[in-house]
Undergrad: 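Next up is a structure, given as structure tokens.
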Amino acid sequence: MARILGGLTTSHVPAIGGAIAKGLQQQPYWKPFFDGFLPVRAWLDEVKPDVAMVFYNDHGLNFFLDKMPTFAVGAAPEYRNADEGWGLPTLPPFQGAPELSWHLINHLVAREFDITTCQEMLVDHAFALPLKLFWPEGPCPVRTVPVCINTVQFPLPSARRCVALGKAVGEALASWDSDQKVVVIGTGGLSHQLDGERAGFINKPFDLKFMQSLIEEPEWATRFSIPELVEKTGTQGVELLMWLAARAAVPGPVRRVHSNYHIPISNTAAGMMALAAA
Ligand code: DHB
Ligand code: FE
């Protein structure tokens, strides 16, 4: 049985890639953001995960509006990073974990999730940058399984459905016949809206309540419909669905290793949490 070490969640703003490429981590604008990751890296050095299960949302790179799966799971031996238009340098390919992917896919379909299976998959900033933030040195040292949730084209899956998906992923990890150590990652959010009348919208009280809820009451956010989540967090803040799914994949109570919340990074309230399985 594989061991679930805990969950990591973070925002995934493209500008982070530019800051890393230019070495701006110590500049006053970026320092409060990058410093948040230092205690988490120390924890990762200690617990040494082998595999990362990564809930993220594609932004029009691998899936476009003509074909938009609600849930998609990668089953490739490696995932190439590409730039969907931000002018970012790309990161080296990420190693897959095909045997875990297929175990997960079989489990999800048996549990009646109608997923799309991807034996080839390009990954955008939402997948690549969080891994670079958690493991900044060299190529990413952990193998990965991407789980993509549509937050780009309506209708979106409900918060309740994303929690159910996360729980099913957690079951699959618990039944994976392996001695590997797994960390579950969720990327996106927190509150932000990139366009329209409310461009620049941020909701700090909601974000902080949401972060706390992942520790104390992990299904708290399922009380909100998707339109309510958009109203409270912005059209892109709804990416918090990834945090919900990642937390749901970690069974039982969790202990906060570290968290950080900083406004703004680009247009986004940047949040980060590291939660160890208790
Ligand atoms: C920004 C945030 C995102 O989540 C994203 O996918 C793209 C851009 C931003 O704040 O600039
Ligand atoms: Fe995004």
Side-chain angles (χ1 to χ4, degrees), residues 10-18 54-76 79-88 90-91 93-94 96 101 104-105 108-109 112-131 144-166 169 185-201 221 224-246 266-268:
T10 179
S11 305
H12 64 214
V13 178
I16 298 162
V54 187
F55 291 94
Y56 81 108
N57 60 290
D58 180 85
H59 297 75
L61 173 73
N62 194 67
F63 306 115
F64 200 60
L65 304 183
D66 58 338
K67 301 179 195 70
M68 184 57 69
T70 301
F71 299 130
V73 178
Y79 303 97
R80 274 192 304 114
N81 177 215
D83 172 32
E84 79 274 24
W86 300 98
L88 297 177
T90 54
L91 294 169
F94 296 87
S101 290
L104 175 64
I105 289 160
L108 290 178
V109 173
E112 300 174 352
F113 285 89
D114 304 316
I115 51 164
T116 299
T117 296
C118 303
Q119 297 189 61
E120 282 183 348
M121 198 170 186
L122 289 174
V123 290
D124 71 9
H125 70 275
F127 181 92
L129 294 178
L131 292 169
T144 59
V145 176
V147 182
C148 187
I149 300 180
N150 167 35
T151 56
V152 172
Q153 174 159 267
F154 282 75
L156 311 187
S158 68
R160 186 171 302 284
R161 187 68 175 151
C162 292
V163 165
L165 176 74
V169 169
I185 300 180
T187 94
L190 289 173
S191 58
H192 64 299
Q193 171 145 347
L194 300 180
D195 43 29
E197 277 175 21
R198 291 202 309 165
F201 176 79
F224 302 110
S225 67
I226 292 294
E228 285 168 338
L229 285 174
V230 167
E231 185 191 322
K232 289 182 189 309
T233 70
T235 41
Q236 283 76 35
V238 75
E239 291 175 344
L240 63 75
L241 292 174
M242 257 53 68
W243 290 45
L244 267 182
S266 185
N267 298 291
T268 298

Undergrad: Please tell me if the side chains of Phe71 and Leu165 come closer than 4.5 Å, counting only heavy atoms from C-beta onward.
TA: yes
Undergrad: Restricting to side-chain contact (heavy atoms from CB on, under 4.5 Å), what partner residues turn up for Thr187, sequence neighbours left out?
TA: His12, Val54, Tyr56, Ala126, Pro130, Ile185
Undergrad: Any side-chain hydrogen bond (donor to acceptor under 3.5 Å, both in side chains) pairs touching residues 151-160, not counting sequence neighbours?
TA: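 For residues 151-160: Asn57-Thr151.
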Undergrad: Say you draw a straight line from CD of Gln236 to CG of Leu190; how long is it, rounded to the nearest 0.5 Å?
TA: 13.5 Å
Undergrad: Checking Phe154 now: which residues fulfil side-chain contact (heavy atoms from CB on, under 4.5 Å) with it, not counting sequence neighbours?
TA: Leu156, Ile226, Val230
Undergrad: Return each pair, listed once, that meets side-chain hydrogen bond (donor to acceptor under 3.5 Å, both in side chains) where at least one residue sits in residues 118-129; pairs must be two or more places apart or across chains.
TA: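 For residues 118-129: His59-Asp124, Glu84-His125.
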Undergrad: Who are the ring pair (Phe, Tyr, Trp, His ring centres under 6.0 Å) partners of Tyr79, not counting sequence neighbours?
TA: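 Here no residue qualifies.
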Undergrad: Judged by atom type as modelled, is there a donor-acceptor pair below 3.5 Å linking the side chain of Trp243 to the main-chain atoms of Gly188?
TA: yes
Undergrad: Who passes ring pair (Phe, Tyr, Trp, His ring centres under 6.0 Å) against Phe224, sequence neighbours left out?
TA: Phe206, Trp220
Undergrad: Among residues at least two apart in sequence or on other chains, which ones pass side-chain contact (heavy atoms from CB on, under 4.5 Å) with Phe201?
TA: Gln193, Arg198, Asn203
Undergrad: Quick one: ring pair (Phe, Tyr, Trp, His ring centres under 6.0 Å) partners of Phe55, sequence neighbours excluded?
TA: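 Per chain and number, Phe55 pairs via ring pair (Phe, Tyr, Trp, His ring centres under 6.0 Å) with no residue.
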Undergrad: Checking Thr233 now: which residues fulfil side-chain hydrogen bond (donor to acceptor under 3.5 Å, both in side chains) with it, not counting sequence neighbours?
TA: none
Undergrad: Has the side chain of Asn267 got a donor or acceptor atom that lies under 3.5 Å from a matching backbone atom of His192?
TA: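 It does not hold such a pair.
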Undergrad: Checking Val163 now: which residues fulfil side-chain contact (heavy atoms from CB on, under 4.5 Å) with it, not counting sequence neighbours?
TA: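 Lys167, Glu219, Thr222, Leu244, Ala248.
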Undergrad: Rounded to the nearest 0.5 Å, what's the gap from CG on Leu131 to CG on Leu91? Could you check?
TA: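 Reported to 0.5 Å precision, the distance equals 9.0 Å.
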Undergrad: For Asp83 and Leu88, indicate whether the former's side chain and the latter's backbone hold a donor-acceptor pair under 3.5 Å.
TA: yes
Undergrad: Holding to side-chain hydrogen bond (donor to acceptor under 3.5 Å, both in side chains), I want the full list of residues that pass it with Thr144, two or more places apart in sequence or in another chain.
TA: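 Counting only residues at least two positions away or on another chain, Thr144 forms no side-chain hydrogen bond (donor to acceptor under 3.5 Å, both in side chains).
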Undergrad: State which residues pass side-chain hydrogen bond (donor to acceptor under 3.5 Å, both in side chains) with Ser225; sequence neighbours excluded, sorted by chain then number.
TA: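 For Ser225, the residues satisfying side-chain hydrogen bond (donor to acceptor under 3.5 Å, both in side chains) (neighbours in sequence not counted) are Glu228.
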